[in-house]
Amino acid sequence: MADLSRADDLFFTKTGMDRGRVEKIVAETMAGMDDGELFLEWSQSEALALDDGRIKSASFDQNQGFGLRALSGEAAGYAHASELSEDAIRRAGETVRAVQAGHSGTVAAAPIGTNRMLYTNANPLTAVAFAEKTKLLMEIDAYARSRDPRVKQVMASLGGEWRAVEIIRADGRTADVRPLVRLNVSVVVEENGRMEAGSSGAGGRVDYARYMDPTNWKRQIDEALRQALANLGAVPAPAGEMAVVLGPGWPGVMLHEAVGHGLEGDFNRKQTSAFAGLIGQRVASPGVTVVDDGTLKDRRGSLTVDDEGTPSSYTTLIEDGILKGYMQDRLNARLMGMAPTGNGRRQSYAHAPMPRMTNTYMLGGDKKPEEIIASVKRGLYAVNFGGGQVDITSGKFVFSASEAYLIEDGKVGPAVKGASLIGNGPDALTKITMIGDDMKLDDGIGTCGKDGQGVPVGVGQPTLRMDGLTVGGTGS
């Protein structure tokens with residue numbers, strides 16, 4: 001059996017393909033092209049879900065395939081198949097070379113190499129027996145119900161993935177092995193006929209051991225229960241323009257959506273982002289520094305190399321309020337005369353790569369969180385967010401707060417329900433007036449969607465005060 005800890009051995013030992021012949025096919029396909037690669041993938045994934053004390057579903061999936069891409073100028077030829085064979089790759093090569101007609105452009109330089117490892121190469125699916133995973137979900141249910149008699153429903157899920165990839169180019173190759181696990185817990189509580197819910201989760205590029213530890217999974221239940229109980233006493237959220245304090249960590253999802261997507265290279269090359277052409281100009285309040293960092297160890301959004309073979313990087317997007325750069329894949333970097341930043345990502349071999357975020361967060365400032373809250377006469381303290389929408393071109397966004405509180409006379413007051421934040425991403429950056437010293441990353445649950453593709457990401461930020469933000473609500 002192939003050594004599953006080494007992606008570069010896996011594809012040729014497992015399939016019987018000859019590496020030399022495959023590399024020759026890739027070289028012939030890329031001859032005269034500006035860029036391109038063969039992306040090989042083999043993955044296993046599983047998901048278990050519990051609802052009301054019973055295992056509701058359990059699934060296991062295994063996938064393999066390749067994607068072959070050739071780039072000529074702006075034109076891209078892409079072919080993919082679930083068949084890992086030399087004949088299938090050769091047929092794909094004949095197809096994608098059609099983009100060479102009328103070729104003119106600049107050949108892209110090869111990615112630099114890296115020997116670093118940001119996460120384990122162990123397969124989380126095989127490290128823990130199936131019975132142990134189901135036992136964990138049952139223990140979660142029992143513990144949640146024992147914590148408070150008002151708990152009426154418990155839902156928990158555990159998911160894992162092990163993905164091996166190899167990227168072969170005419171000028172070299174690289175491989176990566178990517179584990180990913182996630183635990184999610186949701187509880188519903190009831191009191192006097194009123195029902196409310198709370199949820200919490202965690203994950204990363206680790207094995208299951210961290211989440212089999214009672215200290216860690218109990219923390220998720222306690223947090224979900226805390227949210228649900230807080231919402232039992234929630235009053236209708238106020239509406240209008242007011243000061244908003246965002247909590248640290250997961251509220252960075254608003255930064256991700258409202259600002260992060262607008263800083264991806266493809267939107268800026270096509271001039272469809274509100275940030276297009278603004279490098280070197282002030283786009284945020286002084287003190288605001290935003291980075292995308294794919295190099296954080298074990299984090300959900302991290303990558304040793306991206307899906308084009310470029311090592312991930314620490315990319316400063318906004319520094320002290322000044323726009324410094326964009327997140328780039330190889331195609332858009334070449335066409336914009338910039339360097340790739342290791343942000344070329346794809347959902348699977350069946351998708352072409354494009355610029356995507358990894359772990360995107362705002363750096364901390366010098367204010368204490370309690371100082372920020374004390375500075376607000378009347379406003380909203382948003383601690384957790386649910387869903388949201390953003391228009392990349394205009395930057396307009398709407399986000400719903402799943403946990404928020406009134407701030408009255410500098411003190412956190414009652415929880416509110418139905419609050420939403422409405423604004424414009426670039427404009428919102430200029431409304432930041434205080435930045436906390438408590439920068440925090442989320443617990444590892446983010447998945448980002450773009451053009452029909454989903455990839456794991458991380459977000460984060462410190463406590464922030466934003467003035468004059470529009471809050472939608474049903475209260476007064």
Side-chain angles (χ1 to χ4, degrees), residues 150 152 186-201 223-259 369-391 395-425 427-434 436 438 440 442 445-446 459 461-476:
R150 290 169 289 184
K152 299 302 178 184
S186 177
V187 298
V188 176
V189 298
E190 181 180 13
E191 184 176 58
N192 300 324
R194 177 171 176 171
M195 301 182 73
E196 295 291 347
S199 62
S200 184
E223 173 60 17
L225 181 59
R226 184 196 64 77
Q227 291 180 28
L229 295 178
N231 284 329
L232 276 177
V235 300
E241 190 174 286
M242 65 187 72
V244 174
V245 176
L246 302 181
W250 178 245
V253 68
M254 192 174 90
L255 176 77
H256 167 103
E257 293 288 356
V259 177
E370 53 271 23
E371 178 186 356
I372 295 176
I373 292 172
S375 72
V376 178
K377 179 70 175 176
R378 185 174 188 275
L380 187 77
Y381 180 36
V383 180
N384 278 297
F385 283 98
Q389 294 179 322
V390 62
D391 183 300
K396 293 180 180 178
F397 64 79
V398 178
F399 281 91
S400 60
S402 58
E403 182 185 3
Y405 302 84
L406 283 176
I407 301 177
E408 298 174 306
D409 294 323
K411 296 181 179 179
V412 177
V416 297
K417 190 172 180 64
S420 59
L421 303 185
I422 305 166
N424 175 285
D427 181 57
L429 286 177
T430 67
K431 294 183 176 182
I432 296 173
T433 56
M434 299 180 77
D438 59 340
K440 177 185 175 185
D442 77 292
I445 60 172
V459 300
Q461 68 173 43
T463 298
L464 301 174
R465 172 174 171 162
M466 306 174 73
D467 287 351
L469 208 59
T470 300
V471 176
T474 58
S476 55

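This is a predicted model, so every value here is computed, not measured.
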When you look at V253 and D442, which way does the side chain to side chain contact (heavy atoms under 4.5 Å, CB included) test go after all the steps? CA-CA 9 Å; V253 68; D442 77 292; over 6 Å; no
Go through E191 and R194 one step at a time and tell me if the salt bridge (Lys or Arg N to Asp or Glu O under 4.0 Å) criterion holds. CA-CA 5 Å; E191 184 176 58; R194 177 171 176 171; over 6 Å; no
Intermediate values then yes/no, side chain to side chain contact (heavy atoms under 4.5 Å, CB included), M466 and L421: CA-CA 11 Å; M466 306 174 73; L421 303 185; over 6 Å; no
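Listed by first and then second residue, the ring pair (Phe, Tyr, Trp, His ring centres under 6.0 Å) pairs involving residues 223-259 are H256-H261 (not counting sequence neighbours).
When all heavy atoms are compared, the tightest approach of G436 to I372 is N-CD1, 3.5 Å. Closest of all the heavy-atom pairs between A404 and A401 is CB-CB, 4.1 Å. The shortest heavy-atom contact between A237 and V416 is CA-CB, 3.8 Å. The two residues N231 and A197 have their closest heavy-atom pair at ND2-O, 3.5 Å. Across all their heavy atoms, L246 and P251 have their closest contact at CB-CB, 4.4 Å. Listed here is the closest heavy atom pair of T463 and P248: OG1-CD, 3.4 Å.
Every ring pair (Phe, Tyr, Trp, His ring centres under 6.0 Å) that F399 has, sequence neighbours left out, goes to F397. Scanning for side-chain contact (heavy atoms from CB on, under 4.5 Å) contacts around Q389 gives an empty result, with sequence neighbours left out.
Between the CE atom in M242 and the NZ atom in K377 there is a gap of 15.0 Å [rounded to 0.5 Å]. Here the OH atom belonging to Y381 is positioned 8.5 Å from the CD atom belonging to E403, to the nearest 0.5 angstrom. With rounding to the nearest 0.5 Å, the separation of CG in L225 from OG in S200 is 11.0 Å.
Counting non-hydrogen atoms of other residues, nucleotides and ligands closer than 6.0 Å to NZ of K396 gives a total of 12 or fewer.
Considering only heavy atoms from C-beta on, V459 stays 4.5 Å or farther from L255 through its side chain. No side-chain heavy atom of Q461 sits under 4.5 Å from any side-chain heavy atom of M254. Taking the side chain as every heavy atom from C-beta outward, R150 and E196 never approach each other to under 4.5 Å. Counting only heavy atoms from C-beta outward, the side chains of V189 and L229 approach each other to under 4.5 Å.
A donor-acceptor contact shorter than 3.5 Å is absent between the side chain of K417 and the backbone of A234.
Checked options D467, D409, V245, L406; the residue passing with V376 is V245 (criterion: side-chain contact (heavy atoms from CB on, under 4.5 Å)).
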